[in-house]
There are 2 protein chains.
Amino acid sequence: MKKKITLKQIARELDVSVSTVSKALRDSIEISEDTRQKIKAFAKLYNYKPNNIALSLKNRKSKTIGVIIPEIVHHFFTTVISGIEQVANEKGYHVIICMSNNSFDKEVINMELLANGSTDGFILSVAKETQQKQDYHHLTEVINQGMPLVMFDRVIEEIECDKVIIDDLNATKKAVQRLIDLNCKKIGLITTVDYVSVGKLRTDGYVQALRENKISVNPDIILKVEDFDNSEEEIQAFLIGKELDGLFAVNEHFAIYAIKAFLNQGLKVPEDVSVIGFTNGELSRQFIPSLTTVSQHGVEMGAKAATLLIKKLESEEGVEEPYETITIETSLIERNSTKR
Amino acid sequence: MKKKITLKQIARELDVSVSTVSKALRDSIEISEDTRQKIKAFAKLYNYKPNNIALSLKNRKSKTIGVIIPEIVHHFFTTVISGIEQVANEKGYHVIICMSNNSFDKEVINMELLANGSTDGFILSVAKETQQKQDYHHLTEVINQGMPLVMFDRVIEEIECDKVIIDDLNATKKAVQRLIDLNCKKIGLITTVDYVSVGKLRTDGYVQALRENKISVNPDIILKVEDFDNSEEEIQAFLIGKELDGLFAVNEHFAIYAIKAFLNQGLKVPEDVSVIGFTNGELSRQFIPSLTTVSQHGVEMGAKAATLLIKKLESEEGVEEPYETITIETSLIERNSTKR
DNA sequence: AACCCTTACGACAACGTTTTCGTGTTGAAA
DNA sequence: TTTCAACACGAAAACGTTGTCGTAAGGGTT
């Protein structure tokens with residue numbers, strides 16, 4: 001078991017100074033061709049690699065970006081991470097991923113942990129609990145310390161930073177409009193409670209679409225799910241006797257649960273009811289009937305977020321560039337849960 | 001924008017030495033009650049937090065464990081990560097997650113990156129390409145450097161280290177036995193090419209189950225999928241005219257594709273064909289018919305891997321504990337893709 | 001012979017901590 | 001008054017790097 005070799009050890013072995021070794025390895029012209037070759041050969045032999053921690057300390061940057069997401073188990077977030085990784089690696093950054101599990105406390109702890117030197121900046125989608133509490137001190141703090149922060153998907157208006165979002169409102173509007181165009185007369189909505197920002201926006205989109213088509217909004221056919229864990233039963237119960245011919249759900253799961261409920265009632269999808277969901281996950285693709293859905297282009301979102309962050313990280317000290325909010329286009333992927 | 005405050009700055013402000021500040025904050029009895037209070041108050045006011053990078057450098061450990069997985073998009077891996085996180089956080093470690101995307105090169109790069117100080121040890125499931133190439137130099141290297149390594153799921157026999165696996169062979173055997181007990185006479189298998197270790201083991205389990213029941217193994221009803229991306233078509237074509245009444249698939253996707261193929265042929269699942277898959281993901285739960293499947297208990301697996309790693313990390317220098325291989329029990333979750 | 005310019009390298013500081021080992025000031029015991 | 005422990009603090013080293021600066025040796029020019 002040979003521990004990692006350091007500059008100092010190389011220096012001692014070759015009877016030169018540490019500085020000489022460092023310079024030789026970085027091809028400094030200060031060092032004679034001879035010594036340079038000798039040192040490089042030795043370093044290669046012992047597989048020398050500079051210690052990142054020491055470099056981080058010296059340079060006061062870690063070339064690392066921290067990603068904090070509410071829950072990794074959602075396919076959407078994994079695609080975002082994918083996009084972040086691609087861009088980050090390309091530009092020589094590594095990525096640390098932490099999960100908040102939708103807990104405010106864990107979000108705070110993780111941020112403080114990473115903020116103490118481990119990370120140069122953050123990409124984050126806030127926890128549900130944080131949106132509920134509206135306590136953003138940990139966010140303002142890292143910004144105040146000069147660490148760039150990019151928020152995506154679930155963003156907070158009040159915080160000034162770069163943001164990457166999708167146009168939840170219009171995406172929903174378009175989807176609901178599609179249902180209307182398919183001649184649906186009674187379109188239900190399954191959404192989340194209002195404090196989840198994206199849930200709220202999608203609800204608004206639904207309402208606007210109906211209004212623009214002079215359809216009155218009927219609160220009886222809108223369900224705001226509180227508790228994700230029991231949503232299947234809740235949705236099942238909610239859909240009894242509603243006689244819908246169209247339904248929009250703010251995520252994949254709600255949509256699937258709804259379809260199941262309809263099937264249980266002896267209804268046919270899409271013949272009797274058309275259903276559109278949100279988030280283009282594996283489930284949407286594989287389910288029978290496959291689900292018409294709003295695709296959020298997570299990879300692109302992640303890539304854009306990483307690009308924004310790195311741009312901030314590498315901008316000159318003095319130059320204060322304005323914050324940007326980028327909207328990623330969505331697309332409606334039509335499958336078999338809607339009529340043709 | 002006030003940058004993070006350091007010990008040195010506190011020392012200067014309060015006109016004491018850096019050592020005094022450090023000691024005061026760590027409640028050393030060397031420092032008088034008075035000064036201690038003063039320093040602590042000041043530190044709190046300015047929200048002092050020690051710099052992790054400096055600590056890592058000094059202590060020569062980072063309290064961080066690196067996790068390298070082939071693909072985050074597989075639900076199974078996300079559950080494993082969940083388990084790792086739980087245990088790690090509990091014991092004061094953070095977790096860095098990197099994806100190899102099943103590429104050998106990326107696996108090597110990521111390991112080298114993290115091995116240079118960022119990480120105290122590794123938890124890893126090897127990339128498909130690595131298993132194929134059988135080039136493990138990066139693994140032996142980190143072990144030689146004294147960094148503990150725990151492999152899970154896709155492990156490599158030849159490498160000496162802690163391992164957490166599931167009993168793929170017996171899990172499959174039990175599942176196939178179940179099909180036999182359900183009176184299936186012609187049981188097909190959809191598996192991966194042999195160099196994927198778990199694919200091989202599961203294939204062996206299938207063969208053994210048949211042999212023990214004096215059923216001859218018919219290579220015509222075994223499909224070894226090469227290319228994941230085109231597997232749906234491949235499976236569809238393969239199943240034509242096979243007249244199976246039972247099928248085992250080594251993962252969730254293959255199982256679902258098979259069911260779809262059966263349904264397309266006008267067969268009924270489970271009435272005409274019983275299907276069992278592997279990996280208890282969202283798809284298995286939600287699909288209609290819901291899929292009978294071998295659950296791998298990913299969370300438990302991750303938790304165990306983290307426990308093993310941390311145990312090694314915190315064991316006394318001299319004491320060389322033997323390597324362990326832990327087998328996580330699987331369970332067969334019976335749903336609607338098999339007869340009762 | 002006196003001077004200066006290269007060449008080739010080493011010493012040292014710095015990044016932020018912790019910890020060991022001094023050391024100056026008290027107060028009390030002899 | 002001397003001696004010595006207890007107390008309260010500071011200096012310095014160490015972790016592994018990089019970069020600035022200093023400098024010795026050598027060779028060339030007057």
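No experiment lies behind these values; they were computed from the predicted model shown. A, B, ... follow the sequence lines: proteins, then strands. Residue 1 opens every chain.
- Put simply, the side chain of B/D120 never gets that close to the backbone of B/I65: no donor and acceptor are under 3.5 Å apart.
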Protein-nucleotides 7-10 of chain D N/O pairs closer than 3.5 Å?
| from | atom 1 | to | atom 2 | distance (Å) |
| --- | --- | --- | --- | --- |
| D/dC9 | OP1 | B/T35 | OG1 | 3.0 |
| D/dC9 | OP2 | B/S32 | N | 2.8 |
| D/dC9 | OP2 | B/S32 | OG | 2.9 |
| D/dC9 | OP2 | B/T35 | OG1 | 2.9 |
| D/dC9 | N4 | B/E30 | OE1 | 2.2 |
| D/dG10 | OP1 | B/S17 | N | 3.3 |
| D/dG10 | OP2 | B/S17 | N | 2.9 |
| D/dG10 | OP2 | B/S17 | OG | 2.9 |
| D/dG10 | OP2 | B/T20 | OG1 | 2.0 |
| D/dG10 | O6 | B/K23 | NZ | 2.4 |

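- A donor-acceptor contact shorter than 3.5 Å links the side chain of A/R154 to the backbone of A/V126.
- Side-chain N or O atoms of B/N52 include none that pairs as donor or acceptor with a backbone N or O of A/L114 at under 3.5 Å.
- Taking atom CD of residue A/Q37 and atom P of nucleotide C/dA8, one finds them 14 Å apart after rounding to whole Å.
- Heavy atoms of B/L55 sit under 4.0 angstrom from primed sugar atoms or phosphate atoms, though from no base atom.
- Atom CG of A/L57 is separated from atom C1' of D/dA14 by 12 Å (rounded to the nearest Å).
- Considering only side-chain N and O atoms, A/K4 lies nowhere under 4.0 angstrom from the phosphate OP1 or OP2 of D/dG16.
- The residue B/S22 sits close to a base: some heavy atom pair falls under 4.0 Å.
- The distance between atom CG of B/L7 and atom P of D/dA11, rounded to the nearest whole Å, is 15 Å.
- One interatomic measurement links the two molecules: NZ of B/K3 to C1' of C/dG16, which rounds to 15 Å at whole-angstrom precision.
- Counting non-hydrogen atoms of neighbouring residues, nucleotides and ligands closer than 6.0 angstrom, the NZ atom of A/K63 exceeds 12 such neighbours.
- C/dC15 atom P lies 19 Å from atom CG of B/N59, rounded to whole Å.
- Heavy-atom neighbours of A/E160 CD from other residues, nucleotides or ligands within 6.0 Å: at or below the threshold of 12.
- Look at CG on A/L14: it is 17 Å from P on C/dA8, rounded to the nearest Å.
- Protein atom CG of B/N52 is 11 Å distant from nucleotide atom P of C/dT18, rounded to whole Å.
- In summary, B/E85 and A/K106 engage in a salt bridge, as defined by a charged side-chain N under 4.0 Å from a carboxylate O.
- Here the P atom of nucleotide C/dA13 and the NZ atom of A/K58 are 13 Å apart, to the nearest Å.
- The local environment of CD1 in A/I29 is sparse, with at most 12 non-hydrogen atoms from other residues, nucleotides or ligands closer than 6.0 Å.
- For A/K8 and A/R26, each mapped to the nucleotide of DNA chain D holding its nearest heavy atom, the one lying further toward the 5' end belongs to A/K8.
- In this structure, the nucleotide among D/dT17, D/dC15, C/dC15 sitting nearest to the side chain of A/R60 is C/dC15.
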